Student: 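Starting off with a structure, shown below.
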Amino acid sequence: MSIQTQLKYNPITTEGSSGTVKRIAIFGSTGSIGTQSLEVIAAHLDKFSVEILTAHTNHELLIAQALAFRPKYVVITDEKKYVLIKEALSGTNTKVLAGEQGLIDAASYSGYDIMLAAIVGYAGLKPTLKAIESGKTIALANKETLVVAGDIIMQKAKDYKVKIIPVDSEHSAIFQCLVGEESNPIEKIILTASGGPFLGRKPNFLVNVKRDHALQHPNWTMGAKITIDSATLMNKGLEMIEAKWLFDLEPEQIQVVIHPQSIIHSMVQFQDGSIKAQMGLPDMKLPIHYAFTYPKRVTTNFPRYDFKKPNTLTFEEPDVKTFRNLTLAKEALNKGGNMPCILNAANEIAVFAFLKNRVGFLDITEMVERTMEKVPFIEHPTLDEYYYSDGEARVFAASLIEM
Ligand code: NAD
Ligand code: MG
């Protein structure tokens with residue numbers, strides 16, 4: 001795909017925006033969420049400006065994005081690409097930073113209001129933490145941050161009076177259902193799951209599943225890691241843990257229901273038995289847009305759900321015997337401490353190995369389970385202990401790849 005096609009709009013600059021714009025930093029701008037967020041911004045240049053863009057390796061897209069939006073900073077974590085980007089942006093006012101330290105330095109820059117945390121995986125944790133300590137509003141796509149160290153993140157957000165606005169569609173749905181309900185306790189939340197491409201399949205089928213088949217999601221186009229997590233149902237497990245922290249819930253208040261059409265994005269049940277649902281077509285631009293415009297709703301031209309067309313919305317129980325990742329994630333949720341961090345690290349290693357065709361689809365669950373049994377449990381970890389547990393879990397999970 002050409003860079004221009006990937007950008008999906010004509011290059012434009014945000015120079016000349018008025019002082020009332022929300023200044024946005026997009027961490028992970030070259031990914032699925034990152035590129036969609038730039039489409040959202042491009043449609044509302046009177047309301048938003050782009051101050052920071054970051055990428056891991058895709059320097060060509062990062063350069064094209066920087067030339068289009070003229071941010072104050074770009075960061076490339078792959079330091080080998082630094083010179084290429086520096087040269088390409090030499091005629092602009094954009095400063096180029098590199099490496100993990102570059103991400104941390106950019107996160108603490110004073111000239112932005114909202115960080116869109118759209119880096120995938122554990123790598124998103126440290127810059128997000130830095131943005132919270134710098135008092136920035138967080139539009140949170142990166143669920144792994146809360147899975148790894150949810151207690152520390154939420155406490156820091158409280159200490160620094162920082163708002164965390166979820167971008168994950170289910171959590172955005174719940175967040176939207178809770179507007180105006182501040183004094184009404186939640187009885188439970190119902191997280192909807194599409195079930196992924198292997199809904200209804202059994203282990204005898206899954207054992208032979210290959211990367212390319214698992215990457216075909218029926219309803220959403222997303223980055224590779226979350227697409228595999230959706231196929232194994234680990235994504236929903238991570239989302240249960242994410243929901244616990246975002247909405248201060250007990251594990252038994254979180255229910256998962258399979259809803260293959262992905263029209264109801266999630267629901268909240270209140271103490272009087274009333275259930276509120278947030279609905280819409282499956283399009284991540286909507287929760288991204290809402291996180292940027294919150295608490296307002298601003299007109300968009302996104303396609304609308306049409307009740308005049310024949311539609312059937314269905315719901316069923318997840319098959320947790322086949323998709324055991326959901327059971328493992330529930331175990332981690334119940335156990336707490338560093339267990340979700342261990343689960344997440346092992347899963348990242350296992351999914352990466354599956355994407356490289358080094359392990360089978362069912363091995364992902366096996367690797368996560370064995371790592372959870374192996375790495376020492378810590379009930380109340382410090383931040384350093386989370387970092388350490390993450391490292392230990394990665395080393396152990398990687399040692400299972402040759403099994
Ligand atoms: P992606 O793989 O498409 O993009 C990831 C981005 O992170 C890229 O910009 C990449 O350059 C950057 N990145 C990757 N590894 C990095 C590293 N080690 N250091 C720094 N940057 C790194 O992923 P995505 O699908 O856009 O998902 C991003 C996050 O949003 C994930 O946490 C995912 O769970 C969450 N999320 C995504 C969707 C979706 O529809 N894609 C929906 C809900 C939640
Ligand atoms: Mg989701």
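One-based numbering, in listed order, for ligands and for the atoms of each. Note that the structure is a prediction, hence the values are computed from the model and not measured.
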Student: Who's the nearest protein heavy-atom neighbour of atom 34 (O) of ligand 1, and how far?
Tutor: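 Result: K143 CE, 3.2 Å.
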Student: So I263 and L281, do their side chains get closer than 4.5 Å, heavy atoms only?
Tutor: yes
Student: Given that the side chain starts at C-beta and the backbone is N, CA, C, O, which of these parts of S32 lies under 4.0 Å from ligand 1, counting heavy atoms, or is it both or neither?
Tutor: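 It is both backbone and side chain that touch ligand 1.
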Student: Could you list the atoms of ligand 1 found under 4.0 angstrom from a heavy atom of A123?
Tutor: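 Under 4.0 Å from A123, ligand 1 has these atoms: 17 (C), 18 (N), 19 (N).
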Student: Do K202 and D319 sit within salt-bridge range, that is, some charged N less than 4.0 Å from a carboxylate O?
Tutor: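 Looking at K202 and D319, the cut-off is met.
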Student: Give the residue, atom name and distance (to 0.1 Å) of the protein heavy atom nearest atom 43 (C) of ligand 1.
Tutor: D168 OD1, 3.0 Å
Student: With the threshold set at 4.0 Å, does a side-chain nitrogen-carboxylate oxygen contact exist between R370 and E373?
Tutor: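 Salt bridge: no.
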Student: Name of the E170 N, O or S atom nearest the Mg ion (ligand 2)?
Tutor: OE1
Student: With heavy atoms under 4.0 Å as the rule, classify the contact between S29 and ligand 1 as side chain, backbone, both or neither.
Tutor: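 The part of S29 near ligand 1 is the backbone, not the side chain.
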Student: Nearest to the Mg ion (ligand 2), which N, O or S atom of D168 do we find?
Tutor: OD1
Student: Validate the cation-pi geometry between R23 and Y109: distance from NZ or CZ to the six-membered ring centre under 6.0 Å, angle to the ring axis within 45°.
Tutor: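 The answer is no; the distance or angle limit is not met.
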Student: Could you list the atoms of ligand 1 found under 4.0 angstrom from a heavy atom of A55?
Tutor: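 It comes down to these atoms of ligand 1: 11 (O).
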Student: Give the contacting part of M284 toward ligand 1: side chain, backbone, both or neither, where contact means a heavy-atom distance below 4.0 Å.
Tutor: side chain
Student: Judged on heavy-atom distance to atom 11 (O) of ligand 1, which of K285, M222, H56, E170 sits nearest?
Tutor: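 That would be H56.
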Student: Could you establish whether N58 and ligand 1 come within less than 4.0 Å of each other, counting only heavy atoms on the residue side?
Tutor: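 False for this residue.
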Student: Taking only heavy atoms of A141 into account, list the atoms of ligand 1 that are under 4.0 Å away from them.
Tutor: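 Near A141, the atoms of ligand 1 are 30 (O), 32 (O), 35 (C), 36 (N), 44 (C).
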Student: Could you find the nearest protein heavy atom to atom 14 (C) of ligand 1 and give me its residue, atom name and distance?
Tutor: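 The answer is V120 CG1, 3.6 Å.
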Student: Return the residue, atom name and 0.1 Å-rounded distance of the protein heavy atom closest to atom 26 (O) of ligand 1.
Tutor: I33 N, 2.9 Å
Student: Is any side-chain N of the basic residue among K143 and E170 closer than 4.0 Å to the acidic one's carboxylate O?
Tutor: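 No, K143 and E170 are not salt-bridged.
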Student: Looking only at N, O or S atoms, find the one in E239 nearest to the Mg ion (ligand 2) and name it.
Tutor: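 Nearest N/O/S atom: OE2.
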Student: Just to confirm my output: which protein heavy-atom neighbour is closest to atom 6 (C) of ligand 1, and how far is it?
Tutor: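 Here the closest protein heavy atom is A118 O, 3.6 Å.
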Student: In plain terms, say whether K80 and D78 are close enough for a salt bridge, that is, a side-chain N and a carboxylate O under 4.0 Å apart.
Tutor: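 Yes.
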Student: Suppose we measure from atom 25 (O) of ligand 1 to each protein heavy atom; which comes out shortest, and what is that distance?
Tutor: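 Residue, atom and distance for the closest contact: G223 N, 2.8 Å.
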Student: Mind checking whether E144 has a heavy atom under 4.0 Å from ligand 1?
Tutor: yes
Student: Within the 4.5 Å heavy-atom criterion, are M240 and L326 side-chain neighbours or not?
Tutor: yes
Student: Do Q271 and N184 make a side-chain contact, defined as non-hydrogen atoms from C-beta onward lying under 4.5 Å apart?
Tutor: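 Sidechains of N184 and Q271: no contact.
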Student: Tell me, which protein residue and heavy-atom name are nearest atom 4 (O) of ligand 1, and how many Å apart are they?
Tutor: G31 CA, 3.1 Å
Student: Is the cationic atom of K136 (NZ for Lys, CZ for Arg) positioned less than 6.0 Å from the six-membered ring centroid of Y112 and within 45 degrees of its normal?
Tutor: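 Positive - K136 is close enough to the ring of Y112 and near enough to its axis.
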Student: Around K330, counting heavy atoms of other residues, nucleotides and ligands shown, do more than 12 lie under 6.0 Å from its NZ?
Tutor: no
Student: Do me a favour and list the nearest non-hydrogen protein atom to atom 20 (C) of ligand 1 with residue, atom name and distance?
Tutor: T77 OG1, 3.6 Å
Student: Start with the C-alpha gap between L129 and I153, add the side-chain angles, then the distance that decides, and say whether side chain to side chain contact (heavy atoms under 4.5 Å, CB included) holds.
Tutor: CA-CA 7 Å; L129 209 46; I153 294 286; 3.4 Å; yes
Student: Is there side-chain contact between K225 and N347, with heavy atoms separated by less than 4.5 Å?
Tutor: yes
Student: Please work out which of I226, T30, L140 has its closest non-hydrogen atom nearest to atom 36 (N) of ligand 1.
Tutor: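 The nearest heavy atom belongs to I226.
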Student: Does atom NZ of K22 have more than 12 heavy-atom neighbours from other groups under 6.0 Å away?
Tutor: yes
